[in-house]
Protein chains: 2
Amino acid sequence: MYKAAMIDICKALADPARLKILEFLHRPDAQCCTFADRVCACDVESLLGLSQPATSHHMRILVRAGLVTSEKHGRFIYYRLNAAAFASAAEYFARVVPPPRRPARAA
Amino acid sequence: MYKAAMIDICKALADPARLKILEFLHRPDAQCCTFADRVCACDVESLLGLSQPATSHHMRILVRAGLVTSEKHGRFIYYRLNAAAFASAAEYFARVVPPPRRPARAA
DNA sequence: TTGACACATTCAAATCTATCGATGTATAAA
DNA sequence: TTTATACATCGATAGATTTGAATGTGTCAA
């Protein structure tokens, strides 16, 4: 995980709307075309209460950061969490910050 | 961990300068008044190559997010990583995203 | 007490971000 | 083919963020 990728991930996470999207992707409350772990963009739109372009904007940021993957099916786009990205972010932080119990460093 | 606190943490992490500070706090390359796991603000300043007010700004954001703690000793302020904050952030993400191997949900 | 130093705060400028309305594009339905 | 639908892109705007110069505050040294 390069630092630039890590920054993109953190930026993607640093917004209430996008955090809400991620929570929704984890436990989707099916409405129109959402099923199983796949969520369509229109459901995200009604979830957020934002305009369609704003929703599109947020999804693009999440996809670019790698936190979410997208699949086009006809007119619909289905989104899904990408657990691997979360895992490598967690790994990065494990390297940056010492685990809670060990002393930081003897200098 | 409330969502608002989580957003503050993510915002704090979403900047190259601040990520650099965190890496430095983890493995401080002692220069002027840094020793052990304590780092003074002036060393952060020379690390970043930014102005003193900009450095102060970044440190304030990190402290407010809880990622870093500060201790005043005379004229100096020593900063230290707060591992507990990283731990609770990690816990939040573990709740938001399913662990890599388990399927997300059967709907 | 005076001067130097470490850091905070204020202010303004430049840049970035989130948002919406309008419009474009691709696909499905009629 | 025509129309409707799902989503992307563009352009503009309001608000947030980063930054430095100037200045303020508290602490140490002389």
Side-chain angles (χ1 to χ4, degrees), chain A residues 3-4 6-22 24-25 28 30-35 38-65 67-80, chain B residues 3-4 6-22 24-25 28 30-35 38-65 67-80:
Chain A
K3 198 198 277 190
M6 198 57 216
I7 301 244
D8 281 346
I9 288 182
C10 293
K11 280 188 183 173
L13 295 170
D15 181 276
R18 291 195 289 271
L19 226 42
K20 197 171 178 182
I21 293 170
L22 293 178
F24 181 64
L25 289 178
Q31 291 175 10
C32 105
C33 30
T34 290
F35 56 98
R38 305 194 313 187
V39 167
C40 77
C42 57
D43 276 341
V44 174
E45 190 178 335
S46 61
L47 167 79
L48 297 179
L50 290 179
S51 68
Q52 180 269 318
T55 304
S56 179
H57 166 73
H58 287 304
M59 293 318 296
R60 180 219 277 255
I61 288 173
L62 288 172
V63 169
R64 277 197 178 166
L67 293 170
V68 166
T69 61
S70 67
E71 259 179 79
K72 187 168 182 173
H73 284 263
R75 281 175 299 170
F76 300 90
I77 295 186
Y78 290 102
Y79 295 102
R80 207 186 296 246
Chain B
K3 199 197 276 192
M6 198 58 214
I7 302 247
D8 280 347
I9 287 182
C10 292
K11 279 189 184 173
L13 294 170
D15 181 277
R18 290 193 291 268
L19 225 44
K20 197 170 180 183
I21 293 170
L22 293 177
F24 181 64
L25 288 178
Q31 291 175 11
C32 103
C33 29
T34 289
F35 55 98
R38 305 194 313 189
V39 166
C40 77
C42 57
D43 275 341
V44 174
E45 190 178 336
S46 60
L47 166 79
L48 297 179
L50 290 179
S51 68
Q52 180 268 318
T55 303
S56 178
H57 166 73
H58 287 305
M59 294 317 296
R60 179 219 278 254
I61 288 174
L62 288 171
V63 169
R64 276 196 180 168
L67 293 170
V68 166
T69 60
S70 67
E71 260 178 78
K72 187 166 183 176
H73 282 263
R75 280 176 299 169
F76 300 91
I77 294 187
Y78 290 102
Y79 295 102
R80 206 186 296 245

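Here is the naming used below: chain letters follow the sequence lines, and residue numbers restart at 1 for every chain.
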Rounded to whole Å, how long is the line connecting atom CD1 of A/I7 with atom C1' of D/dT17? 14 Å
For a quick test of reading the model, state the closest non-hydrogen atom pair linking A/A65 to A/I9 and the distance between them. O-CG1, 3.6 Å
What's the CD-P distance between A/E45 and D/dA6, to the nearest Å? 10 Å
For A/L50, the side-chain contact (heavy atoms from CB on, under 4.5 Å) test, sequence neighbours excluded, returns A/A17, A/L48, A/A54, A/T55, A/H58
For the atom pair SG (A/C40) and CD (A/E45), what is the distance rounded to the nearest 0.5 Å? 9.5 Å
With the sugar-phosphate defined as primed atoms, P, OP1 and OP2, and the base as all remaining atoms, what B/S/- string results for nucleotides 25-30 of chain C, 5' to 3', for protein heavy atoms under 4.0 Å? --BS--
The correct set of residues in residues 50-64 of chain B placing a heavy atom under 4.0 Å from DNA chain D is B/L50, B/S51, B/P53, B/A54, B/H57, B/H58, B/I61
B/K3: salt bridge (Lys or Arg N to Asp or Glu O under 4.0 Å) partners, not counting sequence neighbours: A/E23
Which residues, if any, of residues 10-18 of chain B bring a heavy atom under 4.0 Å of DNA chain C? none
Between CG of A/L48 and C1' of C/dA18 the distance, given in whole Å, is 12 Å
Between OH of A/Y79 and CG of A/D43, what distance do you get to the nearest 0.5 Å? 12.0 Å
Report the distance from atom CD1 of A/I7 to atom NZ of B/K20, rounding to the nearest 0.5 Å. 11.0 Å
Distance in Å, B/L19 CG paired with A/M6 CE, rounded so as to fall on 0.5 Å steps: 7.0 Å
A/L19 CG to C/dA18 C1': how many Å, rounded? 16 Å
From B/L25 CG over to B/L47 CG, what is the distance, rounded to the nearest 0.5 angstrom? 9.0 Å
Once rounded to the nearest 0.5 Å, what's the spacing between atom CD1 of B/I21 and atom CE of B/M59? 5.0 Å
Heavy atoms of A/K11 and A/R18 approach each other most closely as O-NH2, 3.0 Å
